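So you know, we letter chains A, B, ... as the sequences are listed, proteins then strands, and number each from 1. On a predicted model such as this, the values are computed, not experimentally measured, just so you know.
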Amino acid sequence: MHGRPRKASKPEEEAASAAKAVKLRSLQSQFMKNHHDKIYTEEAIELSTKLLEINPEAYTAWNYRKLAVEDCLSRIDSDPNLVNSIFDEELRVVESALRQNFKSYGAWHHRKWVLSKGHSSIAHELKLLDKFQRLDSRNFHAWNYRRFVVELTKRSEQDELQYTDDMINNNFSNYSAWHNRSVLLSSLLAQNADGFMPNERIPDEYDLVHSAIFTDPDDQSGWFYHLWLLDQTLNVETPLLTSSWPSHGSTIILSGAGCLNGSSSKFTTFCSESGSFPLILYFDQAVGGVSSSTVTIDSELKGNEDLVWEPISYKNSQVSCVWVTHLKYVSTDLCEYKVKIRVGNSPGIVSSRGHNFRAPYEFVFTAHVHDTVKDSQEGIVSWTDGFDIWDAKSKDLNSLITLDQLQAEIDFKWRQEAIDSEVECFGILSDSKIGKLTLARLLMAREAMVSDDAVKGVRYEEILQLYNDLMALDSSHYQYYKDEHSVAFLHKMTSSSESLSRHLFRYRGMNNLVCLRLNNLSLSRIASVEKLLFVQMLDLSHNELHSTEGLEAMQLLSCLNLSHNRIRSFSALDSLRHVKQLKVLDVSHNHIGKHSVDTTRYLCSSPLSNSEWSQDDVGRQNPGLVTKYWDAYFVLRDLNLKQLDIAGNEISGNEFSSFVLQVVPKLVWLDGQKLGN
Amino acid sequence: MSSTSSSQMGQLVADKHVRYILMAEKKKESFESVVMDHLRMNGAYWGLTTLDLLDKLGCVSEDEVVSWLMTCQHESGGFAGNTGHDPHILYTLSAVQILALFDKINILDIGKVSSYVAKLQNEDGSFSGDMWGEIDTRFSYIAICCLSILKCLDKINVKKAVRYIVSCKNLDGGFGCTPGAESHAGQIFCCVGALAITGSLHHVDKDLLGWWLCERQLKGGGLNGRPEKLPDVCYSWWVLSSLIMIDRVHWIDKAKLVKFILDCQDLENGGISDRPDDAVDIFHTYFGVAGLSLLEYPGVKVIDPAYALPVDVVNRIMFTK
């Protein structure tokens with residue numbers, strides 16, 4: 001099926017082929033008869049041998065042989081010599097079949113089946129494997145079989161690691177060997193085995209993989225191993241709290257529905273009809289176990305015992321980087337409350353890799369319950385008029401941006417040294433694709449490790465330039481580098497209060513709500529959300545976004561502008577189902593309905609991914625439309641929108657609009673028109 | 001080197017492929033056909049799905065196909081690759097998929113087929129291919145896909161099945177056939193597809209895997225299945241559908257891939273091969289057309305990246321309560 005040249009067959013070739021076919025057909029029918037009649041004579045078994053020699057993929061023949069073996073074993077008196085000879089024959093047939101096709105699943109499995117009956121010498125098996133490795137060092141069947149044999153014989157991981165050393169030294173261009181090495185090494189490192197301390201071992205591995213990358217920068221064999229080493233260097237196992245809202249030392253102003261009289265308050269205001277405000281915890285990796293016993297809240301706000309914490313993640317997941325609960329307040333209790341949060345008060349917060357959140361971390365904020373003004377504004381939200389620059393003082397924003405939890409790891413030094421050393425090494429490869437890409441990743445990693453604000457942000461220009469170079473150098477992967485560029489750009493923008501404040505405004509139309517304006521920035525990807533948890537109004541219009549992946553953490557978001565982007569489907573907005581505050585959404589002038597392929601079809605909770613769903617009246621009355629507009633149906637019915645803009649999409653039209661009105665009955669504004677009753 | 005003009009090179013010769021498939025179906029006595037006798041059920045699925053994608057499913061006799069298909073069912077409920085062969089999970093999925101194309105799933109004793117599949121789940125959540133116990137994440141995908149189409153997913157322990165698949169996740173973000181096995185695009189498709197169908201894609205590091213997958217695209221525009229291997233049209237499916245399911249398909253050059261697939265066509269006799277100027281077969285014809293479908297090539301129906309069936313077939317099944 002693979003690698004055969006295309007050529008018209010000559011008549012004599014066709015005749016020969018036809019003759020072979022007749023012979024094989026006859027062999028097959030004879031075999032089938034034996035199989036169905038359960039005939040296991042020497043002659044019958046020999047027939048199956050002949051069949052498998054011609055066609056090792058005839059799986060039924062391998063099944064037959066197993067039945068034949070079992071039949072023979074049941075009839076002889078467990079004479080070890082007889083038993084051995086039976087198994088030896090099976091192994092011989094397998095070897096001959098593998099010579100025909102060394103990728104035959106059936107053959108390899110038959111060998112495992114024989115071996116699991118306790119037969120054959122390990123030395124012989126390893127010798128056989130060496131033979132196959134020499135024929136094709138990338139044969140994954142052989143590597144899998146090697147793992148099988150190693151498991152059976154309990155060969156040590158250190159010995160197997162040495163084997164990968166030999167394979168790599170023989171030829172560095174052996175991805176399979178590097179892969180195996182990563183499996184063995186990560187196991188040994190996790191066990192803290194003798195001679196396998198990360199701070200000593202990882203730098204050695206960098207040296208080893210350099211030989212692969214620097215000898216031929218276009219050979220991918222070492223690239224992914226190097227990326228794994230980087231991950232081992234950067235990622236501290238212990239989960240840490242990256243940011244929170246409210247943040248440490250901040251003051252928030254709470255009021256009831258109707259909100260405050262618009263004074264240009266310097267603090268974050270939060271209006272709630274439900275008399276509660278969110279408390280958001282953002283960890284550096286996915287964790288589980290956040291609950292009212294592992295996170296304690298010390299405050300005079302009444303009614304907040306036994307809070308329910310929710311992970312902001314896909315339906316089936318119990319872990320997430322982002323956890324939310326809601327603290328109640330009484331809007332008539334006009335007072336200032338100090339709230340103390342203790343994360344990790346008792347053990348229980350565990351990362352998905354099994355590491356505990358060790359140190360209890362405490363932070364404090366002030367909640368100021370204010371008087372409510374009666375007249376609430378229910379006007380349409382405009383994205384163009386009514387914005388004032390937020391004259392934010394540096395110290396206001398500092399408390400809003402991330403709390404850089406001190407890296408308490410004692411072995412932090414070797415990590416920083418390793419990164420610095422790699423940056424120096426890869427400077428040499430600066431003309432190649434892998435050189436530029438690795439350098440960009442290393443510089444990004446270094447920025448993340450630096451906590452001194454003065455030093456931060458200095459090398460972002462270099463990182464952005466590297467990604468620009470890559471977009472030109474490797475145009476096939478243009479969009480990959482574009483996405484990375486957007487991420488770096490957003491990291492840069494949120495790295496200092498000065499750069500962030502240039503994008504912050506206050507919207508008069510909604511009582512000076514904090515608005516972050518990131519429009520017209522060619523952004524193809526959202527990032528740095530952990531630093532933007534305070535955002536209530538977000539303008540991402542006129543960019544290149546095709547999904548809202550990442551926005552689920554913005555629990556305070558009530559207004560979102562995504563007009564003039566590249567959203568192709570409502571399924572791409574699935575993350576917004578977690579943003580319960582969202583009232584205003586503009587997805588006008590996107591690509592919804594333009595493309596037949598939906599790239600977020602399975603990243604959206606729906607019946608396609610076997611999500612439970614209850615059928616409502618809309619579903620019962622319009623099953624055809626629900627199937628046609630399934631993504632709009634499942635996403636919009638989970639949002640509590642008051643204002644929606646969908647014009648300028650190919651899906652727009654009377655049929656779709658009237659369907660939307662059925663799915664979102666509480667909608668007040670659609671495409672700028674107030675909906676009458 | 002074919003002597004066709006450059007303007008013809010950039011076109012899908014759909015009619016020729018349809019004819020190729022219909023001819024292959026009839027040529028049962030060539031050596032190539034006899035040697036593949038045992039996987040005729042797979043071949044039928046590849047051929048029929050391709051026909052449906054080109055809107056030509058009506059060219060075959062539904063009754064003939066279905067009556068042959070049912071002769072492949074074993075008393076255990078599982079299906080064999082062809083009449084007389086032993087049942088296996090591989091052919092059971094193909095049989096169910098073929099019936100889905102014809103909207104004839106109702107002719108099955110669904111309880112019997114689903115029990116055959118469900119019984120193949122092991123203690124650790126993995127799936128065996130048949131009673132002889134070969135374990136592979138391909139079989140995890142097959143079981144999950146098959147039972148989902150039959151609306152019987154609750155017959156297996158989905159949590160354990162997902163846990164086993166996740167245990168096959170590698171440090172490069174990809175997946176292998178068993179724990180510790182090297183990442184391979186075919187296995188990645190199976191694992192990502194199974195996770196997609198069970199709403200478990202949060203277990204995938206989309207950026208890490210996305211980069212590994214997009215680096216399968218070589219300078220000529222074709223995709224390989226793992227690092228330092230040759231490009232092959234079948235990876236236009238395995239890699240592409242995986243990228244689509246994790247929303248990272250924009251990381252490859254789609255136009256270049258379209259050109260590669262079209263260059264693998266036999267413009268005279270129809271059919272698509274693994275690489276330009278190689279021999280064609282049904283397997284690569286299906287994957288080439290399915291790949292073009294995912295690349296939104298005009299004249300090809302949209303295929304679902306997880307179930308590997310036309311979207312209209314999947315929507316019909318999954319959105320009916």
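The residue among A:Phe140, A:Trp113, A:Tyr480 with the most heavy atom pairs within less than 4.5 Å of chain B is A:Tyr480. Options A:Ile54, A:Asp474, A:Leu67 differ in how many heavy-atom pairs under 4.5 Å they form with chain B, and the most are formed by A:Leu67. Per-residue heavy-atom pair counts under 4.5 Å with chain A were compared for B:Asn170, B:Asp130, B:Leu257, and the maximum is reached by B:Asn170. In terms of heavy-atom pairs under 4.5 Å with chain A, the best-connected choice from B:Ser33, B:Ala181, B:Gly133, B:Cys234 is B:Ala181. Between chain B and the residues A:Arg25, A:Glu14, A:Lys7, the largest count of heavy-atom pairs under 4.5 Å involves A:Arg25. Of the listed residues A:Asp598, A:Asn63, A:Val183, the one with more heavy-atom pairs under 4.5 angstrom with chain B than any other is A:Asn63. Here A:His179 is the residue among A:His36, A:Gln479, A:Met32, A:His179 with the most heavy-atom pairs under 4.5 Å with chain B. The candidate with the highest count of non-hydrogen atom pairs below 4.5 Å against chain A, out of B:His202, B:Met245, B:Met131, is B:His202. Ranked by non-hydrogen atom pairs under 4.5 Å with chain A, the options B:Asp253, B:Asp281, B:Val34 are led by B:Val34. Counting heavy-atom pairs under 4.5 Å between each of A:Trp62, A:Tyr481, A:Trp223 and chain B puts A:Trp223 at the top. Chain A forms the most heavy-atom pairs under 4.5 Å with one residue out of B:Met318, B:His184, B:His250, and that residue is B:His250. No other option in B:Leu295, B:Val158, B:Asp207 has as many heavy-atom pairs under 4.5 Å with chain A as B:Asp207.
A donor atom on one side chain and an acceptor atom on the other are not found under 3.5 Å apart for B:Asp278 and A:His2. A donor-acceptor pair shorter than 3.5 Å can be found between the side chains of A:Ser605 and A:Ser611. Between B:Tyr307 and B:Ser148, the side chains place a donor N or O and an acceptor N or O closer than 3.5 Å (distance only, hydrogens not considered). B:Asp86 and A:Thr60 are not linked by any side-chain donor-acceptor pair at a separation below 3.5 angstrom, with hydrogens and angles left out of the test. In the model, B:Asn269 has a side-chain atom that pairs as donor or acceptor with a side-chain atom of B:Asp266 under 3.5 Å.
For A:Arg147, the part lying under 4.5 angstrom from a heavy atom of chain B is the side chain only. The parts of B:Ile197 that come within reach of chain A are both its backbone and its side chain, each placing non-hydrogen atoms under 4.5 angstrom from that chain. No part of A:Trp108 comes within reach of chain B, as not one of its non-hydrogen atoms sits under 4.5 angstrom from that chain. A:Leu227 touches chain B through its side chain: at least one heavy atom from C-beta onward sits under 4.5 Å away, while N, CA, C and O do not. Proximity to chain B (any heavy atom under 4.5 Å) is restricted, for A:Ser186, to the side chain, taken from C-beta onward. Using a 4.5 Å cut-off between heavy atoms, A:Ser17 touches chain B through backbone and side chain atoms alike. Contact of A:Pro623 with chain B is not made at all, since no heavy-atom distance falls under 4.5 Å. Using a 4.5 Å cut-off between heavy atoms, B:Asp247 touches chain A through backbone and side chain atoms alike. For A:His477, the parts lying near chain B are the backbone and the side chain together; criterion is any non-hydrogen pair under 4.5 Å. For A:Ser173, the part sitting under 4.5 Å from any heavy atom of chain B is the side chain, from C-beta outward, and nothing else. Proximity to chain A is limited to the side chain of B:Asp274, based on heavy atoms less than 4.5 angstrom apart. Neither the backbone nor the side chain of B:Leu39 comes within contact range of chain A, judged by heavy atoms closer than 4.5 Å. Only the side chain of B:Val249 has a heavy atom closer than 4.5 Å to any heavy atom of chain A. Within the 4.5 angstrom heavy-atom criterion, no atom of A:Arg566 approaches chain B. Only the side chain of B:Arg248 comes within less than 4.5 Å of a heavy atom of chain A; its backbone N, CA, C and O stay farther away. For B:Ser293, the part lying under 4.5 angstrom from a heavy atom of chain A is the backbone only. Interface residue B:Ala80: backbone and side-chain heavy atoms are both found under 4.5 Å from chain A. Using a 4.5 Å cut-off between heavy atoms, A:His35 contacts chain B through its side chain alone, with no backbone atom that close. For A:Phe634, the part lying near chain B is the side chain, with the backbone staying farther off; criterion is any non-hydrogen pair under 4.5 Å. In this structure, chain A has no heavy atom under 4.5 Å from any part of B:Lys151. Residue A:Lys628 does not touch chain B at all, counting heavy-atom pairs closer than 4.5 Å. At a 4.5 Å heavy-atom cutoff, B:His203 makes no contact with chain A through either its backbone or its side chain. With a 4.5 Å cut-off on non-hydrogen atoms, B:Asp136 touches chain A through its side chain but not through its backbone. Residue B:Lys301: no heavy atom, backbone or side chain, is found under 4.5 Å from chain A.
Residues A:Tyr602 and B:Pro305 have side chains in contact (heavy-atom distance under 4.5 Å, counting atoms from C-beta outward). Using a 4.5 Å heavy-atom threshold, the side chains of B:Asn224 and B:Leu230 count as separate.
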After noting the C-alpha distance and the side-chain angles of B:Glu296 and A:Arg568, does the key distance pass the salt bridge (Lys or Arg N to Asp or Glu O under 4.0 Å) rule?
-> CA-CA 13 Å; B:Glu296 296 180 60; A:Arg568 336 166 132 202; 3.4 Å; yes
I would like to know whether A:Tyr633 and B:Phe319 meet ring-ring contact (aromatic ring centres under 6.0 Å, His included); could you show each step before the answer?
-> CA-CA 12 Å; A:Tyr633 174 71; B:Phe319 287 119; 9.0 Å; no
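With respect to A:Arg6 and B:Glu268, no salt bridge is recorded, no charged nitrogen being found less than 4.0 Å from a carboxylate O. One finds no salt bridge joining A:Glu484 and A:Arg441 here, because no Lys/Arg side-chain nitrogen approaches an Asp/Glu carboxylate oxygen to under 4.0 Å. A salt bridge is defined here as a Lys NZ or Arg NE, NH1 or NH2 lying under 4.0 Å from an Asp or Glu carboxylate O, and B:Glu228 with A:Arg138 fails to meet this definition. Using a cut-off of 4.0 Å between Lys/Arg side-chain N and Asp/Glu carboxylate O, B:Glu134 and A:Lys66 are scored as not salt-bridged.
Remark: aromatic rings of B:His88 and B:Phe139 are close, center separation under 6.0 Å.
Heavy atoms of other residues, nucleotides or ligands lying less than 6.0 angstrom from NZ of A:Lys20 number 12 at most. Remark: A:Gln615 CD is packed, more than 12 non-hydrogen atoms of other residues, nucleotides or ligands lying under 6.0 Å away.
Relative to the ring axis of A:Tyr105, B:Arg138 places its NZ or CZ within 45° and under 6.0 Å from the centre. For the pair B:Arg226 and A:Trp143, the cation-pi criterion (under 6.0 Å, within 45° of the ring axis) is not fulfilled.
Of all heavy-atom pairs between B:Ser242 and B:Val192, the closest is O-CG1, 4.4 Å.
Taken from CZ in A:Arg601 to OG in A:Ser606, the straight-line distance is 7.5 Å, to the nearest 0.5 Å.
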